[in-house]
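Computed from heavy atoms alone, side chains included, the values below leave out hydrogens, waters and symmetry copies. Chain letters run A, B, ... following the sequence lines, proteins first, then strands; residues in each count from 1. Fair warning: this is a prediction, and the values are worked out from it, not measured in the lab.
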2 protein chains.
Amino acid sequence: MGGFALRHKRPIRMTPQRTTILEAVRQIHGHPTADEVYERVRRVLPRVSLGTVYRNLEILAQEGMIQKIESGASQKRYDGNPSAHHHLRCLRCGRLEDAPLKRPLEAMEALAETQGYEVFGFLLEFVGICPACLGGEDSGGNGRRSN
Amino acid sequence: MGGFALRHKRPIRMTPQRTTILEAVRQIHGHPTADEVYERVRRVLPRVSLGTVYRNLEILAQEGMIQKIESGASQKRYDGNPSAHHHLRCLRCGRLEDAPLKRPLEAMEALAETQGYEVFGFLLEFVGICPACLGGEDSGGNGRRSN
DNA sequence: ATAACTGCAAATCATTTGCAGGGGC
DNA sequence: GCCCCTGCAAATGATTTGCAGTTAT
């Protein structure tokens, strides 16, 4: 859950920057912020710009190669694992870890034992297209939306 | 879900601004943004500042009187219903509606029929305190955290 | 060749914060 | 009377974008 790609395919070019950014997201443990990716990429390509990192994280997420995690914090995080799984965030330090994919209430209990968290609750949000938008213009056009 | 209050109680004073802001959140259909609340409050109290609206939305959420919804969008939204329920967001227009509280996968199917949405997926994030933070300093002090 | 892509810097934009005065309790 | 609360304005900070030059395909 994260990249709900709607984009009309455009040729995507694998530049050194893009490749390095993808690797960085995959290599960094946890779920890096754009800045953390930037720091890491700079070790290899000292001249990349933060703007490029943002642009590529967005594109990689839309291509389904990574996940963009936008829930519950002001800073977005990225995840090299594009398959469905959920997260566990610490209210104090902001740490973000993977959570086992189970039913929410069962999982909440399991989490305390398994990972030593004190779990207060969870955020659940469904994402889709509303009837009004479905009725109006067709799927064409923009693609980049929301958030 | 939403207000995971951790705050040490401080006396909370019901000023006209705070009262009006609370009413606005309750009255506005859907799930207003801070700006929408501001607009509405201004009709009654033309001199309120946007800063005051933000401060009070935060406090009301921490008191558990409203919910602060921070998932999946750059603009936070607020919800006059403080009890547990989930949401359904449109990728195109950003509309945010209530979703029935069921198991995610069942709910996804139900949503298409019930509300006419085309549902792509869902965001699920657990929120709590990680072992490191639990180990370190006790619960004392700040209260205001994360995001 | 020709889009896509990049670096750079400036722009956005929601949200937060410092401050000095004001008003609930 | 105390301290919480307010309006105002400035600050913050993550993310985005315009532009002119570069490069992958």
Side-chain angles (χ1 to χ4, degrees), chain A residues 7-22 24-25 31-39 41-42 44-63 65-66 68-78 94 96 142-147, chain B residues 7-22 24-25 31-39 41-42 44-63 65-66 68-78 94 96 142-147:
Chain A
R7 213 163 68 89
H8 274 197
K9 280 277 185 222
R10 233 194 318 170
I12 168 172
R13 214 177 260 183
M14 285 314 284
T15 62
Q17 290 90 333
R18 184 160 297 162
T19 306
T20 310
I21 289 166
L22 177 55
V25 176
H31 303 77
T33 61
D35 253 324
E36 288 163 354
V37 174
Y38 177 54
E39 284 313 323
V41 170
R42 285 223 284 181
V44 183
L45 302 172
R47 299 191 55 73
V48 273
S49 69
L50 185 53
T52 296
V53 170
Y54 272 107
R55 267 185 292 232
N56 280 305
L57 288 172
E58 180 65 31
I59 291 170
L60 291 170
Q62 292 185 336
E63 293 297 318
M65 303 172 81
I66 65 175
K68 183 172 162 193
I69 307 169
E70 349 196 26
S71 40
S74 64
Q75 223 176 168
K76 297 185 175 82
R77 289 175 178 274
Y78 299 85
L96 191 70
N142 61 52
R144 311 230 167 152
R145 259 15 223 81
S146 87
N147 111 254
Chain B
R7 213 163 66 92
H8 274 196
K9 281 276 185 222
R10 233 195 317 169
I12 169 174
R13 213 175 260 181
M14 287 312 285
T15 62
Q17 289 91 334
R18 185 160 297 163
T19 306
T20 310
I21 289 167
L22 177 55
V25 176
H31 303 77
T33 62
D35 253 325
E36 288 163 354
V37 174
Y38 177 54
E39 285 311 324
V41 171
R42 285 224 285 182
V44 183
L45 301 172
R47 298 191 55 71
V48 272
S49 70
L50 185 52
T52 295
V53 170
Y54 273 106
R55 266 185 292 235
N56 280 304
L57 288 172
E58 182 65 29
I59 290 169
L60 290 170
Q62 292 186 339
E63 293 298 317
M65 303 173 81
I66 65 175
K68 183 170 160 193
I69 306 170
E70 349 196 27
S71 41
S74 62
Q75 223 176 169
K76 297 185 175 82
R77 289 176 178 275
Y78 299 85
L96 190 70
N142 60 56
R144 311 231 166 151
R145 263 5 226 86
S146 86
N147 108 258

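Between A:Thr52 and C:dG7 there is a side-chain N or O to OP1 or OP2 distance below 4.0 Å. Proximity of A:Arg55 to the phosphate of C:dA4: no side-chain N or O atom is located under 4.0 Å from OP1 or OP2.
For A:Asp35 and D:dT15, the CG to C1' distance is 11 Å, given to the nearest whole Å. Separating the CG atom of A:Asn56 from the P atom of C:dA4 is a distance of 14 Å, rounded to the nearest angstrom. The interatomic distance linking A:Glu58 (CD) with D:dA14 (P) rounds to 17 Å, in whole Å. Rounded to an integer number of Å, the gap from B:Leu57 CG to C:dA14 C1' is 13 Å. Atom pair A:Gln75:CD and C:dC13:C1' shows a separation of 16 Å (rounding to whole Å applied). In this structure, B:Tyr54 places its OH atom 18 Å from P of D:dA9, rounding to the nearest Å. Here C:dT16 presents its P atom at 10 Å from CD of B:Gln62, a figure rounded to the nearest Å. Spacing between atom CZ of A:Arg77 and atom C1' of D:dA14 amounts to 13 Å, rounded to whole angstrom units.
Counting atom types as modelled, A:Arg18 pairs no side-chain N or O with a base atom of C:dC5 as donor and acceptor under 3.5 Å.
The side chain of B:Ile12 lies closest to D:dC5 when the candidates are C:dC8, D:dT15, D:dC5. Here the nucleotide nearest the side chain of B:Leu50, chosen from D:dT25, C:dT15, D:dA14, is C:dT15. For A:Lys76, whose side chain is taken as the heavy atoms from C-beta onward, the closest listed nucleotide among C:dC25, C:dC5, D:dT15 is D:dT15. Side chain of A:Gln17, nearest nucleotide from C:dT6, D:dC5, C:dA3: C:dT6.
For the residue pair B:Val41 and B:Ala24, the shortest heavy atom distance occurs at CG2-CB, 3.8 Å.
Judged by distance alone, the side chain of A:His31 and the main-chain N or O of A:Arg77 form no donor-acceptor pair under 3.5 Å. Remark: side-chain polar atoms of A:Glu58 are not paired, donor with acceptor, to backbone N or O of A:Arg55 under 3.5 angstrom.
Considering CD of A:Gln17 and OG of A:Ser49, their distance stands at 8.5 Å, rounded to 0.5 Å.
The side-chain heavy atoms of A:Leu57 and A:Lys68, taken from C-beta on, include no pair separated by under 4.5 Å.
At the heavy-atom level, B:Arg13 lies under 4.0 Å from base atoms of the strands shown.
Nearest-nucleotide mapping onto DNA chain D: of A:Pro16 and B:Thr15, the residue sitting toward the 5' end is B:Thr15.
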